[in-house]
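Every chain is numbered from 1 and lettered A, B, ... according to where its sequence line falls, protein lines coming before strand lines.
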There are 2 protein chains.
Amino acid sequence: MASPKHERLREVLLAEVRRLQPHDMLPTERELAATHGVSRATIRQALDHLGDLGLVYRIQGAGTFVHGTSYSKTLLLTSFSEDVRDRGMEPSSRLLAIAEEPAGDELATELDITPGDPVTTIRRLRLADGQPMCLETVRIASAKVPELDEKDVTGSLYEILEGRYGVRLTRADQLVRAVALDNKDAAALEVAPGSPAFAIHRVALDERDRPIECSDSIYRADLYDMRFTIRR
Amino acid sequence: MASPKHERLREVLLAEVRRLQPHDMLPTERELAATHGVSRATIRQALDHLGDLGLVYRIQGAGTFVHGTSYSKTLLLTSFSEDVRDRGMEPSSRLLAIAEEPAGDELATELDITPGDPVTTIRRLRLADGQPMCLETVRIASAKVPELDEKDVTGSLYEILEGRYGVRLTRADQLVRAVALDNKDAAALEVAPGSPAFAIHRVALDERDRPIECSDSIYRADLYDMRFTIRR
DNA sequence: AAGTGGTCTAGACCACAGA
DNA sequence: CTGTGGTCTAGACCACTTT
């Protein structure tokens, strides 16, 4: 739990926001502070958070207002499982391969380990409501996930990392490309060769900025798109 | 000018960060406050900003540290011109069409105007270092850009919106898809039909959350990719 | 135990919007 | 002019990491 007062406030303000219509003005910061019996700085912190979530916007001299509808969320680091559930579908997984191999130079650099160190590679077909959606190859330094085995990789790897190994991924660098599927990938994803797809290369880091996981994913473009809000 | 002290501090801290190596620890907040003759709250605000930019990370009880290299920036709202310059290339533009037409229902909804209201549509081929990179169709309610004409649309529309009309775009909702180019678009972009591309639908809003611009862009995937950092 | 960032207070003044 | 959000101060205590 990060902060008791802070968290409670967030919830309360969130409920308050949900009761309002887009472009409605929230009570002033001073009012909110008085109403909730906290200092204005605390209210501001909570409102900052709502702002980060894209729920409210502020105009100096005028007030704080509720955002109109939108894709709302800024791009967030999510696991495939979370992502699919957010889209209202049920994620599942088919393990294609799991192996341990020594790291090559490039991979070693990305994972910040020594070339030759053992790396566990997991290759999975990931499905949404039973439909093949994504081909995913994840690589993790074996030292970071001792005793990981086949039974563990049917669901969210992120949950296992956090639950069993205490590793929290907090940040990831992504390179997203649009590609045409080659014959092999197309067959695995059950679409025609040459179909459009997203190819995503991702390096995920923990809260101490240490690279943990390096993945390459290929998403069927007919089933997957990216929606997000960006800011100035 | 947002805030004099704040801005100066940012610069100073930024310089400080640049002198350090990844994972080096910054001076403590209390030290920084003393050194720069400001309160700790002010230092924290500046460090928060560096955190948002992805330059530093903090660990409670331990310190504030410099981030390792990465794609660094979170996805930002940029114009094509800025974007291309960031990639070290020179943007240019070829006007394909500019016209004024009444808004259809769907477009009217997106731009929050009345169906039938005049909308200016600008269709451009956008190039990077002289190579066709993107086909872009922008639509703006004509009322928001009176007297806009052909001469104005050779460069960054965002600059014109801000400079001439005082409209600042601060937020945009994007829908990104991977597609295969049809014959017409492929010809315009000078690649083979069926080549992979990004199709981006964007609605950009001003600081008061009013939709200003609605655009559809098609980017050649062989020349364009998306790099960004995401967080938990 | 000492030192760090995280939260919070109670006030002050500034910059800006709007009637 | 009044009221709003934006910045800032000088303190306090809490939660956590590290030694």
K.L.:
Whole-Å distance between D:dG5 C1' and B:E207 CD?
P.N.:
14 Å
K.L.:
With sequence neighbours left out, write down each residue that passes side-chain hydrogen bond (donor to acceptor under 3.5 Å, both in side chains) with B:T35, or none if nothing qualifies.
P.N.:
none
K.L.:
Please tell me if A:T64 has a side-chain N or O lying less than 4.0 Å from either OP1 or OP2 of D:dG5.
P.N.:
yes
K.L.:
CE of B:M25 versus P of C:dG3: gap in Å, rounded?
P.N.:
12 Å
K.L.:
Please confirm whether the shortest side-chain N or O distance from B:T42 to OP1 or OP2 of D:dT9 is below 4.0 Å.
P.N.:
yes
K.L.:
Please table the atom pairs, donor to acceptor, closer than 3.5 Å between any side-chain atom in residues 101-109 of chain A and protein atoms at least two apart or in another chain.
P.N.:
{"unit_1": "A:T109", "atom_1": "OG1", "unit_2": "A:D105", "atom_2": "O", "d": "3.0"}

K.L.:
CD of A:E29 versus P of C:dT9: gap in Å, rounded?
P.N.:
14 Å
K.L.:
For A:Q45 and C:dG5, give me the distance from atom CD to atom P, rounded to whole Å.
P.N.:
16 Å
K.L.:
Between A:Y219 and A:Y224, does the ring centroid distance fall short of 6.0 Å?
P.N.:
yes
K.L.:
Measure CZ/B:R40 against P/C:dG6 and give the value in whole Å, please.
P.N.:
8 Å
K.L.:
Residues two or more places apart in sequence or in another chain: which of them pass side-chain hydrogen bond (donor to acceptor under 3.5 Å, both in side chains) with A:R30?
P.N.:
none
K.L.:
Given C:dG6, C:dA10, D:dG5, identify the nucleotide with an atom nearest to the side chain of A:S39.
P.N.:
C:dA10
K.L.:
Just jot down the side-chain hydrogen bond (donor to acceptor under 3.5 Å, both in side chains) partners of A:R202, sequence neighbours excluded, or say none.
P.N.:
A:Y158, A:Q174
K.L.:
Taking side-chain hydrogen bond (donor to acceptor under 3.5 Å, both in side chains) as the test, write out the residues that go with A:H201, two or more places apart.
P.N.:
A:E110, A:D216
K.L.:
Quick check for you: among C:dG6, D:dG6, D:dT4, whose closest atom lies nearest to any side-chain atom of A:T28?
P.N.:
D:dT4
K.L.:
I want to confirm an ordering. Mapping A:A41 and A:R30 to their closest nucleotides on DNA chain C, which one lands closer to the 5' end?
P.N.:
A:A41
K.L.:
All N/O contacts under 3.5 Å from nucleotides 17-19 of chain C to the protein, with atom names and distances to one decimal?
P.N.:
{"unit_1": "C:dG18", "atom_1": "OP1", "unit_2": "B:R208", "atom_2": "NH2", "d": "2.4"}

K.L.:
Just checking B:H23 against B:F65, ring centres under 6.0 Å apart?
P.N.:
no
K.L.:
In this structure, how many angstroms lie between the P atom of C:dT4 and the CG atom of B:L26, rounded?
P.N.:
13 Å
K.L.:
OP1, OP2 of D:dG6 versus side-chain N and O of A:R58: anything below 4.0 Å?
P.N.:
yes
K.L.:
At under 4.0 Å, does any side-chain N or O of B:R44 touch on OP1 or OP2 of C:dG6?
P.N.:
yes
